[in-house]
Protein chains: 2
Amino acid sequence: MKEKATSFDIAHRAGVSQSTVSRALNNSPLVSQQTRDRVVQIARELNYKVDKNASNLRKQKSNTLALLLFEDPTTDDSLINPFFLSMLGSITRASANAGYDLLVSFQNMADDWHAEFEDSNKADGIILLGYGDYRSYRSKLARLEEQGTHFVRWGAQDKDQPGVNIGCDNYQGGFQITRHLIAQGYQNIAFVGECGEQAPEFKARYQGYRDALNTHHLLPATPLQYDAFSTEDSGYAAMQHVLNSPTLPRAVVCASDLIAIGALDAIHEAKLKVPEDIAIVGYDNIPVSGYTSPGLTTVRQNTTRAGELLVTTLINAINKQQVYDYLMPAELIIRRSCGAKESD
Amino acid sequence: MKEKATSFDIAHRAGVSQSTVSRALNNSPLVSQQTRDRVVQIARELNYKVDKNASNLRKQKSNTLALLLFEDPTTDDSLINPFFLSMLGSITRASANAGYDLLVSFQNMADDWHAEFEDSNKADGIILLGYGDYRSYRSKLARLEEQGTHFVRWGAQDKDQPGVNIGCDNYQGGFQITRHLIAQGYQNIAFVGECGEQAPEFKARYQGYRDALNTHHLLPATPLQYDAFSTEDSGYAAMQHVLNSPTLPRAVVCASDLIAIGALDAIHEAKLKVPEDIAIVGYDNIPVSGYTSPGLTTVRQNTTRAGELLVTTLINAINKQQVYDYLMPAELIIRRSCGAKESD
DNA sequence: CTGAAAGCGCTTACAG
DNA sequence: CTGAAAGCGCTTACAG
C-alpha cells in the first residue's frame, strides 16, 4: 500500500513550488505551458488525485448535489415507488453529465435534514423528491431558504411554498385522461385516490378529472371519489369498495399506476373484465404499466427530462443565476385498459 | 443569509476552548457532562453542523461509500437495467442504515475511476455493480487492491479476481429452473443468452442449464444455445432466430427477464402461445416479470439482502476486519410461462 | 509566470 | 477534565 501522493510530492519532483502545482492542475492561466506539462506528467506517474476534502474545505464548495428521497410513510420498508426509482436513475445520470457527484439519501423527516447537507458542506444544493405534503415541512423549507441553501423541489406547483419547483402538469394530465375516457363514450366515471391537501399531486389530478367531467356535464351529484394512497394494496382495497357500491361505475381514473394495478387485481378477483365490464386508467407510466393485463392507459411524466431539469435548475441556483418554476406537460399513453383501440 | 457558525463561535459563547467543543460534540468521555450539555445546547441554538470537509480532512476518512454502476454498453442511454435499479435502491437504504452517505456514479470505463474515489478521499470504499466482464478491468482491480482501496464486487464468483465478491448462485439458479422445466415434461429445451467469458453470470447460468439437462440425459447433440445480451430487443431478435430454426424447442431458458420479455414479444408476434406452444422462463425476477402475459417463471435474486451484504462487507473491510466472499442462494419463482400450475 | 504564506474548520496528541 | 498548538492538503490573495 503506497502512501498517497500530495501536491508537495509533485512540487518536489517537478522542482517547482506547491502553489504552482495547484495552479497547473487547476488549469490556471498563470502557468507556463511547459511547467504545466511537466506537472501534469508527474501527477499522472504518481497517480495523484486532488484531495477533495482539502480542496472543498478551502473552496467552500463541494461539487456535490444531494438527493433527498422522501418516503411515502406507507411504503413497505424494502420498496421504493418505481416512479421515484426511475427519477433516481435519471437524476444520477444528469448530475454525472453536469460534473457533479450525487449523494443519495432517504429521509424520514429526521429533525435536522434541512441543515444536514449544506451546512455541513457535504453538498452545494439539495433536490427534494417525494410525493406528499410539503406543507408539513414548510417551516423547514423556509429555514432552508433563509439560510441561503439552494434547493429544488419535485412535485405539485404551489405558489405558497418557498423555493423553486419542477413538476409535471397534474391538472392537465387528470383532465386529458378523463376527457379521453369520455371520448370513448363512458359517462359514469369514478376517481380512486386521496385528494386532500396532504396529497397535492393527486388533488390536482382530481381537479382535472372533475373539470373534464364538468365540461361535458357529466359531474355526478355525489362525488364518485374513493380514497387510496399510492400502493397496490391501497388500490386493491379501494376498488373493493367501488365494487360494493350500489351502482358500478363504467370507468375508473386511478391517481397512480400502483393504485390501478391493485384495482386490476380486485376486479379480476371479482371475475369482471377490463375494459369490457369496467375501464381502468392509471398515472405515471411506470415500467410495469405496459405489461399488466390489459396494458394500462396512463399518463406519462418524462422522468429523463425531469431529472435534467432538476439538476440544471439546481446548478443554476448554486451559480447565483435566476431560476424559475417549470411545469412539464403530461403525456397520454393509450393502452387497452381504457377500451380504446391502441391506435386511437 | 446568516453566516455559518463554527466551533469557535460555540466555544466563545460557551466560554470554553474550541477543543472542548469538538470533544463535547464527538461524545468524547474527556468532557464533563455539564460542559457537554452546555455546548450541545448552544450548538443547537446556533444550528451548528460540523463541517464535513474539515472533519474528513483531519480524520482522513469520509464516512461515505461510493457506488459505481457499470453500464451495459449496449443499454439505451436513458435506461438502467431494472435489476440494478432495484439494487441501487437497496444499497441506498443499507448505507443509510449503517450511517454512511452514498455517492452514486455511473461509469463508462473512464480512465481513472480506480483512483477517483478513494484517492481523492471522497469515499472510504467502493461498491462495484454491473453485469459484465471484470477481466477487462482486472488490472484496475489489481491496482485498487495494491493501493489498499477497499471495494466489493457484485457478480459472478471468480477465484482469479482481486477483491471480495458478493453474488447470487447463478449456476444453481440455471440448474434449478431447467430441472423445473424437465419436471414439467419438457425435453427439447433451448438457452437464449450469450455465455462466453465476457458474460460470466450468463455463463454460469448456462452451465447450470447444461448440467441439469445432462443429469437427465437430455443434452442435445448440437447445443441449442442462441446469443443475446440483456435487453428486450436482443431477446426479441434471438427468439426470431429460434423460431426460424428447423425444429422448434418446447421450452426456452432465457438468461435474463429482459431477454425473456423480448422473446415473449417475438412469440406472440408469430401467433404462438406461451406456454402451450412453447414455454419460456427468465432470470432476475424484475418487477415487470410478474405482469407479463403470461407471468414469467424466473429466478429471484434477493436484492434487499444483496444490498445489505455489499454494504456490511465493505464496511467491515474498511474497518480492517477479515471479509469473505458470499454466494447467495437462488430462488425459483414459478408463474404461468413455464406451464406449471402456479401452486406447483 | 512563480513562490512564500495564510487559512479553510476541524481533530487529536501533548501538557497540565 | 481542559486548553494551546499542530496539522490534515489544498487554493488563493499578495508580492515579486
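Throughout, a chain's letter reflects where its sequence line sits, starting with A, and its residues are numbered from 1.
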S105(B) side, atom OG; K122(B) side, atom NZ - distance, nearest 0.5 Å: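 One finds 8.0 Å between OG of S105(B) and NZ of K122(B).
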Atom pair CZ/CD1 of R38(B) and I10(B) - distance to nearest 0.5 Å: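 R38(B) atom CZ to I10(B) atom CD1 measures 12.5 Å (nearest 0.5 Å).
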Which nucleotide in dT2(D), dT12(D), dG3(D) has an atom nearest any side-chain atom of S32(B):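 So the side chain of S32(B) is nearest to dT2(D).
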Proximity to the side chain of Q60(A) - top-ranked nucleotide from dC8(C), dT11(D), dT12(C):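 Nucleotide nearest to Q60(A)'s side chain: dC8(C).
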Side chain R36(B), main chain A24(B), donor-acceptor under 3.5 Å: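 Side chain of R36(B) to backbone of A24(B), a donor-acceptor pair under 3.5 Å: yes, one is there.
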T313(B) side chain to L310(B) backbone, donor-acceptor under 3.5 Å: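 It does not hold such a pair.
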What is the distance, to the nearest angstrom, from the [atom1] atom on [X] to the [atom2] atom on [N]?
{"X": "N53(A)", "N": "dC8(D)", "atom1": "CG", "atom2": "C1'", "value": "9 Å"}
{"X": "H12(A)", "N": "dC10(D)", "atom1": "NE2", "atom2": "C1'", "value": "19 Å"}
{"X": "Q18(B)", "N": "dT2(D)", "atom1": "CD", "atom2": "C1'", "value": "13 Å"}
{"X": "K49(B)", "N": "dC10(C)", "atom1": "NZ", "atom2": "C1'", "value": "16 Å"}
{"X": "L25(A)", "N": "dG9(D)", "atom1": "CG", "atom2": "C1'", "value": "13 Å"}
{"X": "F8(A)", "N": "dA4(C)", "atom1": "CZ", "atom2": "P", "value": "10 Å"}
{"X": "Q34(A)", "N": "dC1(C)", "atom1": "CD", "atom2": "P", "value": "11 Å"}
{"X": "N56(A)", "N": "dT11(D)", "atom1": "CG", "atom2": "P", "value": "10 Å"}

Once you apply a heavy-atom cut-off of 4.0 Å, does [X] come out as touching a base, just sugar-phosphate, or nothing?
{"X": "S19(B)", "answer": "base"}
{"X": "T35(B)", "answer": "sugar-phosphate"}
{"X": "N26(B)", "answer": "sugar-phosphate"}

Under 4.0 angstrom between S55(B) side-chain N/O and dG9(C) OP1 or OP2: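 It does not, given that no N or O in the side chain of S55(B) lies less than 4.0 Å from OP1 or OP2 of dG9(C).
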Same-atom distance (P) from dA6(C) to dT2(C), integer angstrom: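 Nearest-Å result for dA6(C) against dT2(C) at atom P: 23 Å.
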Distance between C1' atoms of dT12(C) and dG16(C) (Å, rounded):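 That atom pair is separated by 16 Å.
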Comparing L57(B) and S17(A) on DNA chain C - which has the more 5′ nearest nucleotide: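 Per heavy-atom nearest nucleotide, the more 5' residue is S17(A).
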Side chain to side chain contact (heavy atoms under 4.5 Å, CB included) evaluation trace for F84(B) with L129(B): CA-CA 8 Å; F84(B) 290 117; L129(B) 188 60; 3.6 Å; yes
Donor-acceptor pair under 3.5 Å, R23(B) side chain vs dG3(D) base: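 Indeed, a donor on one side and an acceptor on the other fall under 3.5 Å apart.
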Most 5' of V16(B) and S22(A) on DNA chain D, judged by nearest nucleotide: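 The residue closer to the strand's 5' end, by nearest nucleotide, is V16(B).
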5'-most by nearest nucleotide on DNA chain D - L30(B) or A54(B):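 It is L30(B), whose closest nucleotide lies nearer the 5' terminus.
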Side-chain touch T20(A)/T35(A), heavy atoms, less than 4.5 angstrom: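 Yes - at least one pair of side-chain heavy atoms lies under 4.5 Å apart.
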Opposite nucleotide pairing with dA15(C), Watson-Crick or G-U, both atom distances under 3.5 Å: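 Answer to the pairing question: dT2(D), which forms a Watson-Crick or G-U pair with dA15(C).
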